[in-house]
Amino acid sequence: MSEAIPNHLGIILDGNRRWATKNNLPLLEGHKKGAQVFEELALHAFNRGVKFVTGYVFSTENWQRTDEEVGYLMALVSKAVEDYLDVFHKEGIRIVILGRRDGLRSKVLKAITRAEETTADNTKGMLALCFNYGGQEEIVDSVNSMIAEGVREISKKDIEDNLYGPDLPNVDLLIRTSGEQRTSGFMLWRSPYAELYFSDVLWPDFTTSDLDNAFVSYSNRERRFGN
């Protein structure tokens, strides 16, 4: 029997700061290394047959971190999106950013817009970055957009059609690194039957072999969808 590969892979990239501390490096170096690892593993996932990869990059709660760290993350995401653009565009991957745009710096918004517009017609796969994202906020924004349009009765499909990146299907496999075992609001609506895989490995140390092990675990599970 051939190995089952998830259609939509979600990743909570956890452990960047602990990795930096463990290696006696500034915390910001952990985020930099984490961004590099995400690019490598996302490409590996697409090459294995995954069609959608979503990474939890910056949550709405992350604004509570120090001004220095938030500023660095903004600059890093802007640079990462620009770096990802050429690599993933060449591979035929569409890039989308999920989350609220208010509060983001103009340079970040320009990088996001350029990446989304440049790759809009790519069809080999989709790379989604959850940035300034919260799962509850996503549902609230979906409902509010319909209220603004005068919708009086809301169905499940209506909510799905108004989520961030409505082209994204439900998550099949959700990976969280660093030993934490919670989903932290990641894709609440799209993860009702996601298979959860928790790894003790800090994200910057997570390798393609670790990802392949997660795929093996996923392939060996019986997905029941409430049955």
Side-chain angles (χ1 to χ4, degrees), residues 8-17 19-20 26-47 50-63 65 67-135 137-138 141 163-168 171 175 177 184-187 190 203-204 206 208 211:
H8 185 181
L9 170 66
I11 308 175
I12 301 176
L13 327 173
D14 199 10
N16 289 341
R17 296 194 294 177
W19 179 87
L27 297 183
L28 306 182
E29 288 299 312
H31 295 304
K32 182 178 179 180
K33 177 65 173 177
Q36 295 169 350
V37 169
F38 181 65
E39 177 182 348
E40 177 186 359
L41 267 64
L43 287 170
H44 182 71
F46 286 123
N47 288 332
V50 176
K51 296 300 182 184
F52 302 88
V53 176
T54 301
Y56 204 174
V57 177
F58 186 92
S59 76
T60 51
E61 289 79 19
N62 288 157
W63 290 104
R65 296 182 177 180
D67 291 342
E68 179 187 18
E69 186 174 3
V70 169
Y72 181 83
L73 286 169
M74 289 290 158
L76 178 62
V77 166
S78 177
K79 184 179 185 306
V81 168
E82 291 174 350
D83 291 344
Y84 291 166
L85 177 55
D86 290 338
V87 174
F88 288 100
H89 186 41
K90 183 178 179 180
E91 294 292 326
I93 304 299
R94 180 183 172 192
I95 299 174
V96 297
I97 312 299
L98 313 180
R100 291 177 171 174
R101 303 295 168 94
D102 51 304
L104 299 184
R105 298 176 181 180
S106 59
K107 186 175 181 179
V108 176
L109 290 171
K110 288 178 181 178
I112 288 173
T113 299
R114 180 167 175 261
E116 291 186 326
E117 290 180 349
T118 302
T119 64
D121 296 328
N122 292 346
T123 58
K124 182 180 176 182
M126 182 183 293
L127 176 72
L129 304 177
C130 289
F131 187 66
N132 197 22
Y133 173 92
E137 286 81 358
E138 179 178 27
D141 288 350
L163 293 173
Y164 308 143
D167 294 338
L168 282 165
V171 176
I175 297 173
T177 56
S184 298
F186 177 79
M187 295 210 146
R190 290 189 176 100
W203 174 250
F206 203 76
T208 54
L211 183 57

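All residue numbers in this chain count up from 1 along the given sequence. Only a predicted model underlies this, so the values are computations on that prediction, with no experimental measurement involved.
Using a 30° and 60° split on the angle between ring planes, F88 and F46 fall in the perpendicular class, above 60°. Note: Y56 and Y133 have perpendicular aromatic rings, judged against thresholds of 30 and 60 degrees for the angle between ring planes.
When side chains are defined from C-beta on, L104 counts as touching F131, because their heavy atoms get closer than 4.5 Å. By the 4.5 Å heavy-atom criterion applied to side chains, T54 and L9 are not counted as neighbours. Y84 is not listed as a side-chain neighbour of I93, based on a closest heavy-atom distance of 4.5 Å or more. Between L41 and W203 the shortest side-chain heavy-atom distance falls below 4.5 Å.
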(Q) Pair I175, L211 - check side-chain contact (heavy atoms from CB on, under 4.5 Å), show working. (A) CA-CA 9 Å; I175 297 173; L211 183 57; 3.6 Å; yes
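Scanning both residues, K33 and P204, for their nearest heavy atoms gives CG-CB, 3.5 Å. Between L168 and M187 the shortest heavy-atom distance is CD1-CE, 3.9 Å. Here the shortest heavy-atom pairing between H89 and T118 reads CE1-O, 3.4 Å.
Listed by chain and number, the residues in a salt bridge (Lys or Arg N to Asp or Glu O under 4.0 Å) with K110 amount to none (sequence neighbours excluded). Take K107 and apply the salt bridge (Lys or Arg N to Asp or Glu O under 4.0 Å) test, not counting sequence neighbours, and it matches no residue.
The number of heavy atoms from other shown groups lying within 6.0 Å of CD (E68) does not exceed 12. Heavy atoms of other residues, nucleotides or ligands lying less than 6.0 angstrom from CZ of R101 number more than 12.
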